[in-house]
Amino acid sequence: MFSLLFQESFNRAKRAYRQLKARVRKTMSASHFGPESVEDAAVDYVVRNMDIYDIQSGINDVVNAMNVNPRISFPPEVDFFLISSLIRETCKAAFAMQTLEPSLDLAPATDGELFDDRKYRRSYDSERTAPLVMYHVWPALVEGDAVVVKGEAVTRRAAVWSRSPSRSSSPIRSRSLSPTRTLAFNSRRSLSPERLTSSRLTASCL
């Protein structure tokens with residue numbers, strides 16, 4: 001479940017970052033002047049003012065996506081808003097990672113794929129000689145093609161080879177959501193004008 005949570009959080013944060021940067025770039029383009037490009041100026045503005053990211057919307061999107069994900073078989077009474085604080089921090093970290101140069105991302109992960117010890121370590125309950133991933137516990141964090149932090153995967157001989165994301169037979173979770181809570185994104189606005197680096201960000205997150 002946590003691997004899916006991180007993937008959904010990164011997907012929503014990346015989309016929000018692209019949209020926010022595009023709006024800032026459009027606003028700046030008419031009056032921008034200086035040695036840096038409009039693109040760099042837009043990124044610097046977002047870095048200095050990351051609290052303009054609508055993190056509550058991101059939390060809602062992640063919860064909605066998990067509620068209808070057929071790979072999650074929790075009963076309908078399970079409310080993912082109970083872990084909204086974890087989703088909030090994950091969205092916040094994922095959004096900040098998009099401002100890096102180069103940005104950080106999660107490695108594509110598919111249940112049933114060949115186990116890759118360059119990206120993952122086996123969980124303690126894995127079958128050590130099994131070649132296929134049954135499911136992912138934690139995703140791998142990558143910078144381009146380089147693995148920054150290894151993920152964790154469960155390998156079993158019963159895993160079925162798959163070239164595309166697996167879909168379980170679990171029914172889609174359908175229920176009304178709990179009232180959302182307003183969660184403020186209290187990032188500091190006075191960040192350094194220098195771009196963040198992956199080493200500084202990952203050190204603060206680990």
- line: Residue set satisfying salt bridge (Lys or Arg N to Asp or Glu O under 4.0 Å) with Arg15, at least two apart, ordered chain then number -> Asp61
query: Do you know the tightest heavy-atom contact between Ala13 and Phe95?
result: CB-N, 3.6 Å
message: Restricting to non-hydrogen atoms, name the atom on Glu143 and the atom on Pro102 that form the minimum distance, rounded to 0.1 Å.
response: CG-CG, 3.4 Å
query: Mind checking whether Val147 and Met97 sit in one hydrophobic cluster, side chains of I, L, V, M, F, W, Y counted as touching below 4.5 Å?
result: no
Nearest heavy-atom neighbours spanning Ala130 and Arg122: O-NH1, 3.0 Å
- prompt: Rest of the hydrophobic cluster containing Tyr120 (Ile/Leu/Val/Met/Phe/Trp/Tyr, side-chain heavy atoms under 4.5 Å)?
  reply: Phe115, Val133
query: So, does Ser103 use its side chain to make a donor-acceptor pair with the main chain of Gln98 at under 3.5 Å?
result: no
- prompt: Can you name the residues that form a side-chain hydrogen bond (donor to acceptor under 3.5 Å, both in side chains) with Ser29, not counting sequence neighbours?
  reply: none
message: Under 4.5 Å between side-chain heavy atoms, counting indirect links through other Ile/Leu/Val/Met/Phe/Trp/Tyr residues: same cluster for Tyr45 and Val47 or not?
response: yes
query: Ser3: what forms a side chain to side chain contact (heavy atoms under 4.5 Å, CB included) with it, not counting sequence neighbours?
result: Gln7, His136, Pro139
field: Residue list, salt bridge (Lys or Arg N to Asp or Glu O under 4.0 Å) with Asp145, at least two apart or on another chain
entry: none
field: Side-chain (Thr99) to main-chain (Ala96) donor-acceptor, under 3.5 angstrom
entry: yes
field: Contacts of type side-chain hydrogen bond (donor to acceptor under 3.5 Å, both in side chains), residue Thr129, not counting sequence neighbours
entry: Arg157
query: By salt bridge (Lys or Arg N to Asp or Glu O under 4.0 Å), which residues pair with Arg25, not counting sequence neighbours?
result: Glu39
message: Lys150: which residues meet the salt bridge (Lys or Arg N to Asp or Glu O under 4.0 Å) condition with it, sequence neighbours left out?
response: none
query: When hydrophobic residues are tied together by side-chain contacts of less than 4.5 Å, even through go-betweens, does Val142 share a cluster with Phe6?
result: no
task: Quick one: list whatever passes side-chain hydrogen bond (donor to acceptor under 3.5 Å, both in side chains) with Asp117, sequence neighbours left out.
output: none
message: For Asp116, give me all partners under side-chain hydrogen bond (donor to acceptor under 3.5 Å, both in side chains), at least two apart in sequence or on another chain.
response: Arg118
- request: Kindly say whether Leu86 contributes a backbone atom to a donor-acceptor pair with the side chain of Thr90 at under 3.5 angstrom?
  value: yes
- line: Scanning both residues in full, the closest heavy-atom pair of Leu5 with Val62 reads O-CG1, 4.4 Å
